Amino acid sequence: MASVSSQPQFRYTQPPSKVLHLRNLPWECTEEELIELGKPFGKVVNTKCNVGANRNQAFIEFADLNQAIAMISYYASSSEPAQVRGKTVYLQYSNRQEIVNNKTAADVAGNVLLVTIEGDDARLVSIDVLHLVFSAFGFVHKITTFEKTAGFQALVQFSDAETATSAKTALDSRSIPRYLLPDHVGPCTLRITYSGHTDLSVKFQSHRSRDYTNPYLPVAPSAIDGSGQISVGLDGKKLEPESNVLLASIENMQYAVTLDVLHMVFSAFGPVQKIAMFDKNGGVQALIQYPDVQTAVVAKEALEGHCIYDGGFCKLHISYSRHTDLSIKINNDRSRDYTIPNIPIVNSQPSILGQQPVQMIAPAVPQYNGTQFAPTDQAVMPQPSAGWGPTVPAVPQSLPLQMHNQPYMPPGTLLQPSQMGPGMMQSGAPPATLPPYHRGHVQ
DNA sequence: AGCACA
């Protein structure tokens, strides 16, 4: 008889199946288009698109075998071939009886997108650029990036599937705008599907993964160098990590800035626990320790770039220190531990030339040697053109200098110009009027 | 244009 025997391929002799195999589909044919195609013949219960190396094959599964037969026989005798988007598609019975695992995550709308970045320089696309691109459609909760055989990929988590879908439809197969990429980076095209994930687990902030709902997540150990110093910041660049200890350098120091002045300025944002001043690069720097990172962050944001005195004098440059707990051995005019009132205050001889050793030993840092202290702290003070010294009158000496175990004073209480003497903190808004700290998109 | 897990 006309037996099919064991003829595997290239014959119209596949035994009937509820599942039809389609080929020569337009690229990235959608499930909707497949359903549209099969609907006239019966109920499409399952589809699978983007099959095969070229992603131009698909499967349609009907509820009933007769429906599949109806479709095959219709197009077998039709003058018009089956078409999707004007392109002829070829149908035959599948050699399987049902579609397996059709709902590959990529087809199910979810709140997490799987983004493949195509292009020679795909790997150079930073997580921050991705964040920027996808944030246009809603709050991006988390992003993880990874390298797979598919190339450089990212998972981008939105609040809900609707937001994710809007981003997907707008961005799929489009290229990242050039102006968002460094000049040397070539075109990068985004291929976007849904991911099966609903909530990414981001254990650390790093250059590969980010949790924007939790900015205080610890930074990845991989981003911490040998000395325990975190070297990769939240934007993946060499930004310093936040710390409860600030490193302040003072630019254009026309007037002497004393420990007490620093204490007063920084106390406006919370209790200052310890201060250590030292000379570095011909200027003066100070480490200011708060009990917590948040306070330090607020102080840094408020004070950075501001001048202690009017006229652009004693401009503060503030960065986060690598230290978390300063070890103050002796209270003197350059270092003080405000948390321990009974440390003896050593009345040291004035050290105009800055030779007075700083009485502190910070963890993870070798003993202070005067020149190599905190070598990796970011703040490098630009040398002020004008010199400074004892010839310049120390203006702030009339300032109120209550310093021992001074309780926390809310912002503004210390820095009102009326209380501060000449021109204190006038280079812009005093901390009391600074806008509240905003940390990107928290929540 | 020819049968599927990222």
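What you see is a predicted model; the values in this text were computed from it and never measured.
- Atom CG of L20(A) is separated from atom P of dG2(B) by 17 Å (rounded to the nearest Å).
- Y90(A) meets the ring-ring contact (aromatic ring centres under 6.0 Å, His included) test with no other residue; sequence neighbours excluded.
- The CD1-P distance, from I72(A) to dC3(B), rounds to 15 Å in whole Å.
- Both R55(A) and H21(A) lie close to DNA chain B; mapped to their nearest nucleotides by heavy-atom distance, the more 5′-ward contact belongs to H21(A).
- Screening T30(A), L34(A), T88(A) for a side chain to side chain contact (heavy atoms under 4.5 Å, CB included) involving L25(A) leaves a single residue, L34(A).
- With sequence neighbours left out, F313(A) forms a ring-ring contact (aromatic ring centres under 6.0 Å, His included) with Y255(A).
- For N54(A), whose side chain is taken as the heavy atoms from C-beta onward, the closest listed nucleotide among dA4(B), dA1(B), dG2(B) is dG2(B).
- Note on Y194(A): nothing from the nucleic acid sits closer than 4.0 angstrom, heavy atoms only.
- The base of dG2(B) has none of its N or O atoms less than 3.5 Å from a complementary donor or acceptor on the side chain of Q57(A).
- Rounded to a whole Å, the CG atom of L91(A) is 15 Å from the P atom of dC3(B).
- For F59(A), the listed nucleotide lying nearest its side chain is dC3(B); candidates were dC3(B), dA1(B), dA6(B).
- Taking atom CD of residue Q14(A) and atom C1' of nucleotide dG2(B), one finds them 9 Å apart after rounding to whole Å.
- Base contact: E98(A) has a heavy atom under 4.0 Å from a base atom.
- No donor-acceptor distance shorter than 3.5 angstrom exists from the side chain of D160(A) to the backbone of N111(A), with no hydrogens or angles considered.
- For the pair R96(A) CZ and dG2(B) P, the interatomic distance rounds to 16 Å; values are reported in whole Å.
- Here Y90(A) counts as stacked on dA1(B): its ring centre is under 5.5 angstrom from the base ring centre and the planes meet at under 30°.
- Going from atom CD of Q97(A) over to atom P of dC3(B) covers 17 Å, rounded to whole Å.
- N95(A) comes within contact range of at least one nucleobase, with a heavy-atom separation under 4.0 Å.
- Side-chain atoms of K48(A) lie closest to dA4(B) of the nucleotides dC3(B), dA6(B), dA4(B).
- Ring orientation note: the planes of F134(A) and F158(A) are tilted relative to one another, at an angle of 30° to 60°.
- For the pair Q92(A) CD and dA4(B) P, the interatomic distance rounds to 12 Å; values are reported in whole Å.
- Rounded to whole Å, the distance from CD on Q153(A) to P on dA6(B) is 11 Å.
- The nucleotide whose nearest atom lies closest to any side-chain atom of N24(A) is, among dA4(B), dA6(B), dA1(B), dA1(B).
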